[in-house]
Every structure is written in C-alpha cells, then in structure tokens.
Amino acid sequence: MKKAIQLAICASAMLAGFVSVGNAQTHQMNMSDSSMAMPMDMEPNVPAEDPLQAIPATLKTMFDRPDKPLTVGPVVVQGNWAIAGWRQDERGGRALLKRGPRGWRLHLCSGDGIKDAASLEKIGLSADDAKALSVSLHDAEAELDAATISLFASFEGTVVMREEAESENGHAGHAGHAQ
C-alpha cells in the first residue's frame with residue numbers, strides 16, 4: 001500500500017510516465033497510456049550554455065502548473081550531469097539531469113539516494129564526476145534550512161525516466177516491448 005501511495009504522489013506531484021525503481025521491485029508506467037502524457041522533448045527558451053537557468057526552466061516546462069508551482073534549487077553541475085532539488089505541493093526530492101544533444105534531460109528523481117558519490121557511480125557517473133557532484137550538493141544544501149532538506153529526503157525510492165532508460169539501452173521508441 002505504501003508503494004502505491006508513493007507512486008500516486010509521484011504521478012500527481014511531478015513524475016507521471018516514468019519507470020519507478022524502489023526496493024527490489026520495478027514498476028513501469030507507459031506515457032502513451034496516460035492522459036497526463038507530455039512530450040519529453042520540450043525545450044525551454046533558455047540558452048544551453050547557462051545550466052543554472054536551463055535546468056530549472058527544463059523542469060518547470062515539464063512539471064510547473066498554475067495550481068501547483070514547481071520550485072527548483074539548489075542546482076549543482078559537474079560536466080554533463082546535474083542535481084537539482086525540487087519542491088511542489090508540499091512534496092520534494094532531487095532530480096538527476098544529464099546534458100545531451102538536445103540540452104538538459106531529466107534522468108531520474110530520488111531523495112537521499114543520489115546524495116553520495118557511490119550511488120552516483122552506480123547510476124553511471126564517472127568516479128570524478130560523482131565525487132565532485134556529491135561535494136557540490138553537500139555544500140549547496142548546507143545553506144538550506146532543515147525543513148527543505150527533510151522535504152528533499154522525503155522522496156522514497158528512485159524514479160527513472162522511461163525514455164532516458166530506454167534510450168541508454170538502445171530501445172527508445174519501443175515502449176510497447178517493455179510491457
């Protein structure tokens with residue numbers, strides 16, 4: 001029941017249409033089956049060379065709603081990877097983004113699961129990028145109040161963006177095969 005509630009929170013707060021990985025189970029949600037489906041290649045009107053503006057704009061383009069505004073920050077960047085804290089409708093977490101040919105793309109969302117270098121390495125970051133990103137995140141979050149940090153930590157499990165996960169395995173555009 002708790003897992004179902006977490007998935008409902010993800011869908012309503014920010015993350016409809018992603019592959020959820022939590023504990024030992026994987027849950028798949030197909031964007032084409034959802035009335036909440038949004039195009040995943042929406043590009044914000046922000047220059048790609050400024051990640052501190054492009055990353056919040058990317059997330060807001062995807063998830064900001066008038067009745068549930070999305071707040072993004074802090075944002076830390078290392079190479080082609082970034083972590084952004086987010087808050088929406090009394091919920092929160094951390095987003096891991098990856099820079100690709102079309103700009104910054106949401107890779108996954110988690111809570112404390114992406115704070116340490118070892119976890120980031122398991123996701124696929126180099127040891128140097130993982131360590132630098134982890135240290136930068138620690139430093140940036142040291143400036144925040146305890147309530148905000150608790151909100152980021154409250155996100156349970158990890159939700160991987162389906163399109164990102166499939167494209168890394170060479171299966172982008174074949175959502176029907178994952179069923």
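Values below: every heavy atom of this structure, side chains too, minus hydrogens, waters and symmetry copies. The structure displayed is predicted, hence computed values, not measured ones.
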**Message:** Within the structure provided, determine whether V76 and W81 are in side-chain contact (heavy-atom separation under 4.5 Å).
**Reply:** no
**Message:** Between R91 and S154, is there a side-chain heavy-atom distance shorter than 4.5 Å?
**Reply:** no
**Prompt:** Are side-chain heavy atoms of L108 and V159 found at a separation under 4.5 Å?
**Reply:** no
**Request:** Under the side chain to side chain contact (heavy atoms under 4.5 Å, CB included) rule, collect the residues that match up with N80, sequence neighbours excluded.
**Result:** R99
**Message:** For P51 versus W104, what's the shortest heavy-atom pair and its separation?
**Reply:** CB-NE1, 3.6 Å
**Prompt:** Mind checking whether K98 and M161 have side chains closer than 4.5 Å, heavy atoms only?
**Reply:** no
**Request:** Begin from the C-alpha positions of L70 and W86 and carry the test side chain to side chain contact (heavy atoms under 4.5 Å, CB included) through to its verdict.
**Result:** CA-CA 7 Å; L70 180 70; W86 62 268; 4.0 Å; yes
**Fill in**
Applying side chain to side chain contact (heavy atoms under 4.5 Å, CB included) to T148 and not counting sequence neighbours gives R87, L144, D145, F152
**Item:** Which residues share a side-chain hydrogen bond (donor to acceptor under 3.5 Å, both in side chains) with S134, sequence neighbours left out
**Value:** none
**Request:** Under 4.5 Å between side-chain heavy atoms, chaining through other members, with only Ile, Leu, Val, Met, Phe, Trp and Tyr counted: pull out the rest of the cluster around L151, sorted by chain and number.
**Result:** none
**Atom pair OG1 (T61) and CG (D64), whose distance is rounded to the nearest 0.5 Å** = 8.5 Å
**Fill in**
With sequence neighbours left out, the residues meeting salt bridge (charged side-chain N to carboxylate O under 4.0 Å, His left out) with D67 are R65
Residues 110-121, side-chain donor-acceptor partners within the protein, below 3.5 Å, at least two apart:
unit_1	atom_1	unit_2	atom_2	d
S110	OG	G157	O	3.1
S110	OG	T158	OG1	3.2
D112	OD1	R94	NH1	2.8
D116	OD1	S119	OG	3.0
D116	OD2	A118	N	3.2
D116	OD2	S119	N	2.9
D116	OD2	S119	OG	3.2
S119	OG	G113	O	3.4

**Asked** Hey, any chance L106 and L52 share a hydrophobic cluster, counting ILVMFWY side chains that come within less than 4.5 Å of each other, even indirectly?
**Response** yes
**Request:** Could you tell me which non-hydrogen atom of A84 sits nearest to which non-hydrogen atom of V72, and how far apart they are?
**Result:** CB-CG1, 3.9 Å
**Prompt:** Apart from V135 itself, what residues make up its hydrophobic cluster when side-chain heavy atoms of I, L, V, M, F, W and Y under 4.5 Å apart count as a link, directly or indirectly?
**Reply:** none
**Request:** Report the C-alpha separation of I83 and V77 in whole Å, then their side-chain angles, then the decisive distance to 0.1 Å, and conclude whether the side chain to side chain contact (heavy atoms under 4.5 Å, CB included) test is met.
**Result:** CA-CA 7 Å; I83 298 177; V77 179; over 6 Å; no
Could you give the side-chain donor-acceptor pairs of residues 122-130 under 3.5 Å, partners two or more places apart or in another chain?
unit_1	atom_1	unit_2	atom_2	d
S126	OG	D129	N	3.1
D129	OD1	Q78	NE2	3.2

